[in-house]
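Report on the structure given below.
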2 protein chains.
Amino acid sequence: MSSNDDRPGSPRQQPLQADKQDRRSFLRSSVSAGVSVAAGSLVSGPVLASADNPVPINWDRSVDIVVVGGGAAGGSAAIKAHELGSEVLVLEKAPIFGGTAAKSVGGIWAPNNKYMQAAGLTDNRDDALKFMVRLSHPQDFNPDAEFYGAPEAVYLQLGTFYDTVNVALDELESFGALQTMPLNIGGMMMPDYFSHLAENKAPNGRAIVPQKPNGSLGNGAELMRQLKAAVDKRRIPVLTRHRADDLVLDDSGRVIGIVAIKRDGTRIKIEARKGVIFGSGGFTHNKQLQLDFLKGPIFGGCAVPTCEGDFIPIATRAGAQLGNMSNAWWAQLPLELALENPSVPTGIWCSPGDSMVQVNRFGKRFFDEKFVYNERTQVQFQWDPVSGSYPNLLSFLIYDQRTADEFANYAPLPPKGSDAAHVIKADTLEALEQQLVEKLRTIESRTAKFTLDDDFLASLKATVKRFNGFAESGVDEDFNRGGQPIDQFFHFFGPNQPTHNYPNMTLHPIATSGPYYAVILAAGTLDTKGGPKINEHAQVIDTRGQPIPGLYGAGNCIASMSGPAYWAGGATLGPALTFGNIAATHALTAATVS
Amino acid sequence: MSSNDDRPGSPRQQPLQADKQDRRSFLRSSVSAGVSVAAGSLVSGPVLASADNPVPINWDRSVDIVVVGGGAAGGSAAIKAHELGSEVLVLEKAPIFGGTAAKSVGGIWAPNNKYMQAAGLTDNRDDALKFMVRLSHPQDFNPDAEFYGAPEAVYLQLGTFYDTVNVALDELESFGALQTMPLNIGGMMMPDYFSHLAENKAPNGRAIVPQKPNGSLGNGAELMRQLKAAVDKRRIPVLTRHRADDLVLDDSGRVIGIVAIKRDGTRIKIEARKGVIFGSGGFTHNKQLQLDFLKGPIFGGCAVPTCEGDFIPIATRAGAQLGNMSNAWWAQLPLELALENPSVPTGIWCSPGDSMVQVNRFGKRFFDEKFVYNERTQVQFQWDPVSGSYPNLLSFLIYDQRTADEFANYAPLPPKGSDAAHVIKADTLEALEQQLVEKLRTIESRTAKFTLDDDFLASLKATVKRFNGFAESGVDEDFNRGGQPIDQFFHFFGPNQPTHNYPNMTLHPIATSGPYYAVILAAGTLDTKGGPKINEHAQVIDTRGQPIPGLYGAGNCIASMSGPAYWAGGATLGPALTFGNIAATHALTAATVS
């Protein structure tokens, strides 16, 4: 038998050298039991064992359900699995439970939720599904077509989500695991990101958030605090600093366990008698996967650093089919913060300010600065054919002292009166341009060469002049800034709610004298949303379209049914919590299992 | 053992039902030999056998090299493998040898080729690589960085291509398999698609074409005629109507054979003693893979109908790593032809005409109509954030009688004086708009609902007026049409080379009176360019970055090293022919094999 261990090691394999002997012993013990274990698969494929003739695998632990990833999806799955009477274990790669969810705003999108019902708002199933398909399959959407033009499998998942999200949330509440409340600010129920579309029949009220013990609005940290408390109360073990490395399959193709690697390189084998549920992250922090799959170049994301797409090679080795790989939950990021640490503290939810514009390297605006981060970022991927370049790849947030003061502490603006390394300040637009040029020069050793167009300054001045005219009239004739309900909501979402006497609150003339400020923004993500595909039971499917028995997924690690769309705030966490619940339910109760 | 055969069949499995008994016998025979074969893997994974204890697989045939796909990559691989003294067999899914290459223009991009050298043109390695990285990694390109900012693996492949393409072509010539000549038209050596970039130090002469026996320029049909003749002369068997279905691996992970399915559903097992080389097509004609991976929506492509991405699930089951999945060799297509048959006869290489524009549903131009198809098409993917839609997804080619006559028979224009179902004709722009509206209404049962903006007509009139001004002045102030060498080359690439007295040959005023014409264009491909990743030896690599022994790939079925770029005409066939050659060489001569 030729040994794959003799192949030159990949960088990723280096940390595992110390463990080789262990793997060989493992392999030998399997073989000695008269069961063939594909040697190749120990290096490049999943580990095979036999269902009929169980390999005497020296499991380090044995539980019913292994949950990978202690975020929203994993937390939901673990709690539900425990409530169904099973023994659960959570593997978490990071030193702490919480995942990217703990960094989020904490919105949970739940169509037809109980708070809407209490407020007398209707949100019927067909309309909700039609709205979701409209945005998730914009090129195929047809209200008269079967499944509104979406693939049947997507339509089934969307319907399951609508039918189950409130059940899952009610269950978390009944388990004492999560208290929620509607996301109302200033008496306004949060609008969907596309509340302005004709297809949206329930434009407000679908977003809910965790409720803090004192009754106030909670964020993602509060969500994960509550879920963690529920996990701890149930004494569900959470093994932190444990990275999932490979699945163990029996020879019927069923997933029966998982191999994880501890921080010191030692490897443990955990039997999962009822199933393995991945609730891990996307691949924001894996440069190679970015290049291989995403539709545009990114510089980082809000995802916690552990979001390196581990599930993709692991599931591929188990024969999983990948989907929705070109899309992400997109966000703009301050370039310099991303270069320092690609796992940035926060994305630019909204461009803070009223006396503010974003311009590209030609000094021109290219979108409604107040609109949704997911959509704005995709405009940064716009391709200029003849120059063979992305003209909007870097965006320059330009504002004046008014915005610096009034919108202080609304990311990426620092607290009032304070400086930040990523903020450029100058007395004139001329000096601002000069500083931008110098700044780009200093960072080019770590990036491509980025430059401003020769006409940047003249064009910026013309842009400011035109923008100031819009501020006077109240109408942004180029991009209709402030024209959508979500623009208004985001505008006032910061720490302060400054007003003025111009007709459109999102538009205020930029001062005719300095100081002026600039922040360089790059494309990034909250996290990605492609990965192994699941069905409506949260089962991962293989390349023939069949479920891989015992393998489940939910959250950012799997192919999101949302396609390119970000329907509304909480469109990430709503499905994550829901399909985490569904995965546990199916693994433990479906008749087809066992 | 739970039987995977009891799972509900996927649509793809239906045709194989008749063959189940055969598969079961196959499985039983393997197991009876005392070697475990994962039952699941017969349905959802590759077939495993043992190297130490060879399974008595009842091979239907046994050869040294199996080549999958009788196109340019496969033809090159098969001929080279034969020349190296091996026994070769070609599997071709279609009824005929030729693949998409046989439909192509036949350009072969070969930097530093002998015709350039003979003409005294220099094309040095570093500059050529710099140019390729500039376009293939536009977001990371930095002339001062290591590998110019590209990943090392890509840089290695690019270098190997530069070093080997002319060797491979010389070999084909010395084998009597392919005669070439430079692509000169009217004394002009063909320019690269980005000959106008500062990074292009050898802007002309890199494209060569097959030479017909009479000494004239040959196209893709001539290329494949010559390769087929060479294959036949060597008596290399080509099994047409044989679809590759799965690889056979031994338990070291080495590919030792392949399972193919004949048109009648019977399955044959072919041993490949030295390797399997995939030279099959992309996934243009697989709607699900389009949605799962491409960065924008397409309606079809020039790829032959067999290009359904078969290698992707097959290679995934063998543990391959996928790459470059969001990109394709993009092309515009006539929407109605694509709806009739997604495998369209030809893409819109250039927009034919001088008194012609392309406009979007808002009646506005959105690119240089004469520029490269690959780049134009990507502008159709531009995303409008607030409306949540692709404003350019359909494009409307608008022209007058002059263009209809003078550019007749330059796709998509029909021969002079003849009609075509995909061409709308009307006496006025008003009537043209009305007919477009009706046409879109008739096709909406098969597509999304596509509409023209309410202001389409007024905007189109303004567009024509502005365009006519550009024709008078000779300068397209919006998109610099005709400003690039490739614009001029494409403009005169049709059957006729009409001239006029306006200053820019690509711009002629659109007539102030009818008739007017319109063709609806949609986004599509020549074929896709993502798939399993290869290394510089054309070996397919696994999810750990290691080569899968015995498995090779070249052409549109693998992850192109070109990323999003289409460097020049022949950037498809050049690497396909080259890496087909490299694959055969490595499989048969590399010391690490055996």
Side-chain angles (χ1 to χ4, degrees), chain A residues 1-2 4 7 10 12-13 35-36 38-40 43-45 48 50-52 135 138-142 149 194 197 251-253 292-295 297 313 316-317 319 322-326 367-368 371 375-376 378-379 382-383 385-386 388-390 393 444 448-449 480 484 542-546, chain B residues 1-2 4 7 10 12-13 35-36 38-41 43-45 48 50-52 135 138-142 149 194 197 251-253 292-295 297 313 316-317 319 322-326 367-368 371 375-376 378-379 382-383 385-386 388-390 393 448-449 480 484 542-546:
Chain A
M1 187 184 298
S2 78
N4 288 287
R7 295 184 206 161
S10 69
R12 185 116 176 250
Q13 277 188 287
V35 175
S36 160
V43 172
S44 63
L48 296 175
S50 161
D52 284 340
L135 285 166
Q139 71 275 22
D140 292 320
F141 174 67
N142 188 328
F194 288 87
L197 291 189
D251 72 356
S252 76
D292 288 337
F293 295 107
L294 293 182
K295 68 180 166 189
T316 297
R317 291 193 288 273
L322 302 178
N324 204 35
M325 293 299 287
S326 69
F367 53 36
D368 167 4
F371 198 60
E375 314 307 319
R376 293 198 321 265
Q378 290 179 74
V379 186
Q382 211 159 288
W383 182 243
V386 172
S389 64
Y390 299 99
L393 189 56
E444 78 179 23
K449 278 191 199 292
N480 193 27
Q484 290 63 241
D542 70 18
T543 56
R544 307 268 193 198
Q546 302 302 316
Chain B
M1 187 185 296
S2 77
N4 288 287
R7 295 183 206 160
S10 70
R12 187 123 170 245
Q13 277 189 286
V35 174
S36 159
S41 67
V43 172
S44 62
L48 295 175
S50 162
D52 283 339
L135 285 165
Q139 71 277 20
D140 291 320
F141 174 68
N142 189 328
F194 288 87
L197 290 190
D251 72 356
S252 78
D292 287 336
F293 296 108
L294 293 182
K295 68 180 165 189
T316 297
R317 291 193 288 271
L322 302 178
N324 204 35
M325 293 298 287
S326 69
F367 53 37
D368 167 5
F371 197 61
E375 313 308 318
R376 293 199 319 268
Q378 290 178 73
V379 187
Q382 211 158 286
W383 182 243
V386 173
S389 64
Y390 299 100
L393 189 57
K449 278 190 199 294
N480 194 25
Q484 289 64 240
D542 69 17
T543 55
R544 306 267 192 199
Q546 301 303 313

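- With sequence neighbours left out, B/D368 forms a salt bridge (charged side-chain N to carboxylate O under 4.0 Å, His left out) with no residue at all.
- Of the two parts of B/V386, the backbone and the side chain both hold a non-hydrogen atom closer than 4.5 Å to a non-hydrogen atom of chain A.
- Between chain B and the residues A/N480, A/N142, A/V379, the most heavy-atom pairs under 4.5 angstrom are made by A/N142.
- Of the two parts of A/L322, the backbone and the side chain both hold a non-hydrogen atom closer than 4.5 Å to a non-hydrogen atom of chain B.
- Here the closest non-hydrogen pair linking B/K295 and A/S326 is CA-OG, 4.2 Å.
- Comparing B/K449, B/Q484, B/Q378 by heavy-atom pairs within less than 4.5 Å of chain A, the highest count is held by B/K449.
- Heavy atoms closer than 4.5 Å to chain A are found in both the backbone and the side chain of B/F293.
- The heavy-atom pair separating B/P385 from A/F371 by the smallest distance is O-CE2, 3.2 Å.
- When the side-chain contact (heavy atoms from CB on, under 4.5 Å) test is applied to B/P297, the partners found at least two apart in sequence or on another chain are A/Q139, B/F381, B/Y390, B/L393.
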